[in-house]
Undergrad: 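Before I ask anything, let me first share the structure, which is written out below as structure tokens.
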Amino acid sequence: MSDKKVTLPSKYNPNEVEAGRYQFWLEGKFFEAPNDPKKEPYSIVIPPPNVTGRLHLGHAWDTTMQDTIIRMKRMQGYDVLWLPGMDHAGIATQAKVEGELKKMGTNRYELGREKFLEKSWEWKEEYASFIRSQWEKLGLSVDYSRERFTLDEGLSDAVKEVFVKLYEKGLIYRGEYIINWDPQTKTALSDIEVIHEEVEGKFYHFKYPIKDSDEFIEIATTRPETMLGDTAVAVHPDDERYQHLIGKTVILPLVGREIEIVADDYVDMELGSGAVKITPAHDPNDFEIGNRHNLERVLVMNEDGTMNENAGKYEGMDRFECREQIVKDLEEIGALLKIEERVHQVGHSERSGAVVEPYLSTQWFVKMKPLADAAVALQESDDKVNFFPERFERTYLHWMENIRDWVISRQLWWGHRIPAWYHKETGEIYVGREAPRDHENWEQDEDVLDTWFSSALWPFSTMGWPDTEAADFKRYFPTKALVTGYDIIFFWVARMIFQSKEFTGEKPFEDVLIHGLIRDAEGRKMSKSLGNGVDPMDVIDKYGADSLRYFLLTGSTPGQDLRFHWEKVESTWNFANKIWNASRFVLMNLEDFNYDDIDLSGDLSVADKWILTRLNETIDQVTKNTDKYEFGEAGRQLYNFIWDEFCDWYIEMAKLPLYSDDAAKKKTTQSVLAYVLDQTMRLLHPFMPFITEEIWQQLPHAGESITIASWPQVKQELHDELAVKEMSRLMAIIKSVRNIRAEVDTPMSKKINMLIEAENEQIVSELERNRAYVERFCNTEKLEIAAKLQVPDKAMTAVVTGAEIFLPLEGLIDIDKELERLEKELEKWTQEVDRVKKKLSNEGFVSKAPEALVESERQKERDYLEKQAKVKARLEELKG
RNA sequence: GGAGGAUUAGCUCAGUUGGGAGAGCACCUGCCUUACAAGCAGGGGGGCGCAGGUUCAAGUCCUGCAUCCUCCA
């Protein structure tokens, strides 16, 4: 027995509604995956947020969509698992912890690896609990009993397994190549961790003298400091200007090293002088040329971006300082030809923002071609991953088809240590899940793996893989959907697909829902430096999680960015408040009504039949659109149904039987109110979980929680198209009277007389049946309904389908104004008639358009002609 | 250079198999009607970026152009 007293305050207070609710859900274990073999499994893994900090609006958006899908599926009776977890986020977290250490006046080297990792774990624990409390405030229905972390033992086993297997297959190798080096965080970066930005730079032209000659060759560069590492000059083999110089020797200025002029068709003859300096240790293309010509590789920089011993007198200088000094020195010896202004692309570290240095270094790589080929082939099969919106599949495929090998080693401490050992004496490499038996003779690689290497395994490593017999892996993998932003398609989505295909033989998820970025009101990216970020927790404090969620879900279309506007969240709060008050009304009028009392078999009014029909359509639309991830469309359907139909019409009409003495009618109305509100709360629950649970609990209900209540079904027996027609006539009459009242300044509070002339007796009886509604909503003194009646002289008129309305408002009618109004009305109907006639006289339309459409146009024609005639007749009467 | 997105009311955006242009906010008018004045009722406001094409029919499909924004090289 629940307390029947209405306890809702008149204003919706989200903080009160949301308080304690999540705890109730957790205690009920509603979010724990039941692993029930009778149900069909449905699973999603959360994109693990970084433990670097708190969640931002982007996370809130991403997870709200997942929660909406998950809550609907749970209500639909699936065996639902939403697996939460977090990512160790190597570079980012390490940078944060190092920042802490710096504040304390120390650094990681002073602390040592072990102590540093301890600190990092402390950081992780702290932020993990922040994140969990944020998930709670957002109302996310994740299964905490299965929460994972990328550095967990199980996930670490998966990482080792994958590394070893790929190594054994020859798909992981170690080698010395040019990689992207971040001198600030002192680690290698993969290609996609480098952001290319246009920079106003300088293009320096130098003279390189030819040995034993007065001649010189002109070369140009944007990075003069790298000349210290030049080991050749290259020209195009077909370049006539330089034919005589190929094979000659150049004296490298400032250094004095003798380097050769080589011919290589990589060189672009059009660019600059057509001769380029070759620095194999500091440029990927030069590295390739160096290989072809067997050139020496001279590394001139240290890992921190300062010049090394190979830089001679420049040793110790910062690379940019060195650049200026070199230019000065070359100018002094007369080797500087000119300096051009030039806009060019400069790579920056995605994390630190530092200018990335192409740098010769020994690293571990994943050979991508075979893995990418399999991933591309998957998309050509029937078993492909479905992208929503589809266009992102092309983005994904284009990247896969043009992929280069992936640098996976990172010179960090926080992460998965590379499972490779080097023999102290022989230098032999051992790769394995465990250290070699005689481990005292070996040293493990100091480096860790790219964070994305472990994230790529997330959909299956979290389920127990590599144990392919693990219960969750067998039941919940592959997952059904993945929800993430377009900014990490390459970083994460793509890598999950090829790793999953390689190691489980299956795609990791059936659908990928790609969303955009959250921006500020001006459309700028939210960032710390701009200070324009909005904390989702502030939004929740002000307007509630339900408002925030609804705003995020309905604010844009799939794949599109979303601008944050406080006013929009506020208007969502208005919606919640509307739901709140409609529920208050229903609860106040249910009296001692119980759930079992709901009975829709009684004598249903037109309003009852209409709202039940509209409910059916809403159930259908909301279900279909949510299944297609069209949350905006689904949300709008609910908004319109609740506000414009249930509140503005049904509740108002329900007041008649509710306040009447007819017990049977009253009971039926209570049934419809309770039923429709119950069903609506269920439909809305995935969007606004808190308020719907609160209202559902207050309503007559069966069951413990709305989170596990069944999803509404369309009920054909409650569908009534005739009632919809009847209702629309009734609404048209009421609206036109309201309209006339406004035109003649007659407020609703003033009673008026009203006459309705119906087209036939059938309509007369229909209107008689609904007389009480007309009397109430038009506030009539006298209401006459007949098929033929004495038309009053001075009256305002309106036409609706099948009927004409007369309001004899003596003393209020300004004949001229009324004539003007009717003229406008006539013009409107005449236009409509013309439009339809034109369409119907088009032979192509009549013969080629669908028959149903043609028929509906013919019907409109009849309707408009009738309305036109009535208005015309009325005009003539008034004039006459 | 290549790919994609955007361009619809004053602002922010919907418009999903092509079949009479919509919402929220803002604006104007009138109402404290016993669920809600953060509400109710009524109203104004749009050459759907431009130019072609396909079609009986185009905001929607095709081509080109313009402007803005992303991504890739």
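Reminder, nothing fancy here: chain letters follow the sequence lines and each chain counts from 1. Hydrogens, waters and symmetry mates play no part in the numbers below; they use all other heavy atoms, side chains included.
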Undergrad: Side chains of Gln621(A) and Arg636(A), heavy atoms from C-beta outward: is any pair under 4.5 Å?
TA: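 Not in contact.
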Undergrad: If the sugar-phosphate is the primed atoms plus P, OP1 and OP2 and the base is the rest, what is the B/S/- string for nucleotides 54-64 of chain B, using protein heavy atoms under 4.0 Å?
TA: --B--------
Undergrad: Got a list of protein N/O to nucleotides 34-38 of chain B N/O distances below 3.5 Å?
TA:
residue, atom, partner, partner atom, Å
A35(B), OP1, Lys655(A), NZ, 3.2
A35(B), OP2, Tyr659(A), OH, 3.3
A35(B), O2', Asn581(A), OD1, 2.6
A35(B), O2', Arg584(A), NH1, 2.8
A35(B), N6, Cys647(A), O, 3.1
A35(B), N6, Glu652(A), OE2, 3.0
A35(B), N3, Asn581(A), O, 3.2
A35(B), N3, Ala582(A), N, 3.3
C36(B), O4', Asn581(A), OD1, 3.0
C36(B), O2', Asn577(A), ND2, 3.4
C36(B), O2, Lys578(A), NZ, 3.0
C36(B), N3, Lys578(A), NZ, 2.8
A38(B), N7, Lys11(A), NZ, 3.4
A38(B), N6, Lys11(A), NZ, 3.4

Undergrad: Separation of Phe491(A) atom CZ from C71(B) atom C1', in whole Å?
TA: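 Checked: the CZ to C1' distance equals 12 Å.
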Undergrad: Got a salt bridge between Glu820(A) and Lys817(A), using NZ or NE/NH1/NH2 to carboxylate O under 4.0 Å?
TA: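 Lys817(A) and Glu820(A): not salt-bridged.
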Undergrad: Check every strand shown and say whether Phe575(A) touches a base, only sugar-phosphate, or nothing at a heavy-atom separation below 4.0 Å.
TA: nothing
Undergrad: Using the rule side chain to side chain contact (heavy atoms under 4.5 Å, CB included), only one of Leu562(A), Asp561(A), Leu57(A) pairs with Leu517(A); which is it?
TA: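 The passing option is Asp561(A).
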Undergrad: Between atom CD in Glu197(A) and atom P in C72(B), what is the gap in whole Å?
TA: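 For the pair Glu197(A) CD and C72(B) P, the rounded distance is 11 Å.
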Undergrad: Mind checking the C1' distance from C32(B) to G47(B)? Whole angstroms is fine.
TA: 43 Å
Undergrad: Would you say Glu855(A) has more than 12 foreign heavy atoms packed within less than 6.0 Å of its CD?
TA: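 It does: Glu855(A) CD has more than 12 such atoms within range.
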Undergrad: Do Lys838(A) and Asp834(A) meet the salt-bridge criterion of a basic N to acidic O distance under 4.0 Å?
TA: no
Undergrad: Between G15(B) atom P and Gln621(A) atom CD, what is the distance in whole Å?
TA: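 These atoms are roughly 14 Å apart.
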Undergrad: Report, as yes or no, whether the 6.0 Å neighbourhood of atom CG on Asp268(A) holds more than 12 heavy atoms from other residues, nucleotides or ligands.
TA: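 Check passes, neighbour count above 12.
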Undergrad: Once salt bridge (Lys or Arg N to Asp or Glu O under 4.0 Å) is applied, what residue pairs with a partner in residues 548-560 of chain A remain, sequence neighbours excluded?
TA: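 Listed once each, the pairs are Asp67(A)-Arg549(A).
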Undergrad: Report the C-alpha distance between His701(A) and Asp678(A) in whole Å, list the side-chain angles of each, state the deciding distance to 0.1 Å, and finish with yes or no for side-chain hydrogen bond (donor to acceptor under 3.5 Å, both in side chains).
TA: CA-CA 8 Å; His701(A) 65 280; Asp678(A) 167 81; over 6 Å; no
Undergrad: Classify the nucleic acid contact of Glu630(A) as base, sugar-phosphate or nothing, counting any heavy atom under 4.0 Å across all strands shown.
TA: base
Undergrad: With a 4.0 Å limit, can you tell me whether Ser556(A) has a side-chain N or O closer than that to the phosphate oxygens OP1/OP2 of C13(B)?
TA: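 Ser556(A) to C13(B) OP1/OP2: no side-chain N or O under 4.0 Å.
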Undergrad: Can you tell me, in whole Å, how much space there is between the P of C56(B) and that of C13(B)?
TA: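 It works out to 38 Å between them.
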Undergrad: Could you measure between the two C1' atoms, the one in C27(B) and the one in C11(B), and give it in whole Å?
TA: 12 Å
Undergrad: Measure from the side-chain heavy atoms of Phe490(A) and tell me the nearest of A41(B), G24(B), C72(B).
TA: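 Side chain of Phe490(A) sits closest to C72(B).
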Undergrad: Using the salt bridge (charged side-chain N to carboxylate O under 4.0 Å, His left out) criterion, which residues pair with Glu630(A)? Sequence neighbours excluded.
TA: none
Undergrad: Please list all pairs meeting salt bridge (Lys or Arg N to Asp or Glu O under 4.0 Å) that have one or both residues in residues 728-744 of chain A, counting only residues at least two apart or in different chains.
TA: Arg729(A)-Glu766(A)
Undergrad: What integer distance in Å separates Phe564(A):CZ from C13(B):P?
TA: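 Result: 14 Å.
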Undergrad: Can you list the residues that meet the ring pair (Phe, Tyr, Trp, His ring centres under 6.0 Å) rule with Phe388(A), with sequence neighbours excluded?
TA: Tyr629(A)
Undergrad: Yes or no on side-chain hydrogen bond (donor to acceptor under 3.5 Å, both in side chains) for Gln637(A) and Thr618(A), after CA distance, side-chain angles and deciding distance?
TA: CA-CA 6 Å; Gln637(A) 293 280 347; Thr618(A) 306; 5.3 Å; no
Undergrad: Can you give me the N/O atom pairs linking the protein to nucleotides 66-69 of chain B at distances under 3.5 Å, or say none if there are none?
TA:
none

Undergrad: Around atom CZ of Arg404(A), are there more than 12 heavy atoms from other residues, nucleotides or ligands closer than 6.0 Å?
TA: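 Check fails, neighbour count at 12 or below.
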Undergrad: Return the value, rounded to whole Å, for the distance between atom CG of Asp520(A) and atom C1' of U12(B).
TA: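 Taking CG of Asp520(A) and C1' of U12(B), I get 13 Å after rounding.
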Undergrad: Measure the distance from NE2 on His196(A) to P on A73(B) and round it to the nearest whole Å.
TA: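 These atoms are roughly 6 Å apart.
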Undergrad: Among residues two or more places apart or on two chains, list those pairs meeting ring-ring contact (aromatic ring centres under 6.0 Å, His included) that have a residue in residues 823-849 of chain A.
TA: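 The answer is Trp829(A)-Tyr864(A).
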Undergrad: Whole Å only: how far is the CD1 atom of Ile642(A) from the P atom of G24(B)?
TA: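 Ile642(A) atom CD1 is separated from G24(B) atom P by 14 Å.
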Undergrad: Is it true that, when you exclude His344(A) itself, more than 12 heavy atoms of the residues, nucleotides or ligands shown sit nearer than 6.0 Å to its NE2?
TA: yes
Undergrad: For RNA chain B, whose closest nucleotide is more 5', that of Lys525(A) or that of Pro558(A)?
TA: Pro558(A)
Undergrad: Show the numbers, then the answer: is there a side-chain contact (heavy atoms from CB on, under 4.5 Å) between Tyr396(A) and Ile497(A)?
TA: CA-CA 10 Å; Tyr396(A) 160 78; Ile497(A) 295 175; 3.2 Å; yes
Undergrad: Considering only the P atoms, how many Å lie between A14(B) and A58(B), rounded to the nearest integer?
TA: 24 Å
Undergrad: Give me the distance, rounded to whole Å, that separates G59(B) from G2(B) when you measure between the P atoms they each carry.
TA: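 After rounding to an integer number of Å, I get 31 Å for this pair.
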Undergrad: Taking only N and O in the side chain of Asn640(A), is any of them less than 4.0 Å away from OP1 or OP2 of A23(B)?
TA: no
Undergrad: Measure from the side chain of Ser571(A), starting at C-beta and using heavy atoms only, and say which of U12(B), A14(B), C25(B) lies closest.
TA: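 So the side chain of Ser571(A) is nearest to C25(B).
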Undergrad: Take the protein atom CZ of Arg636(A) and the nucleotide atom P of A23(B), then report the distance between them rounded to whole Å.
TA: 12 Å
Undergrad: How is Gln345(A) classified with respect to the nucleic acid when contacts are heavy atoms under 4.0 Å: base, sugar-phosphate, or nothing?
TA: base
Undergrad: With sequence neighbours left out, what residues match Phe631(A) under ring pair (Phe, Tyr, Trp, His ring centres under 6.0 Å)?
TA: none
Undergrad: What would the secondary structure line of RNA chain B be in dot-bracket form, counting Watson-Crick and G-U wobble pairs under 3.5 Å, with [ ] for pairs that cross earlier ones and | for pairs with another strand?
TA: (((((((..((((.....[..)))).(((((.......))))).....(((((..]....)))))))))))).
Undergrad: Counting just side-chain N and O atoms, does Arg741(A) come under 4.0 Å of either OP1 or OP2 of G42(B)?
TA: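 Answer no for this pair, as no side-chain N or O of Arg741(A) is under 4.0 Å from OP1 or OP2.
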Undergrad: Do any pairs count as a side-chain hydrogen bond (donor to acceptor under 3.5 Å, both in side chains) and have a residue in residues 645-659 of chain A, sequence neighbours left out, and if so which ones?
TA: Asp608(A)-Tyr650(A), Arg614(A)-Glu645(A), Glu652(A)-Lys655(A)
Undergrad: Pull out every residue in residues 386-399 of chain A that has a heavy atom closer than 4.0 Å to any atom of RNA chain B, ordered by number, or say none.
TA: Arg391(A), Arg394(A), His398(A)
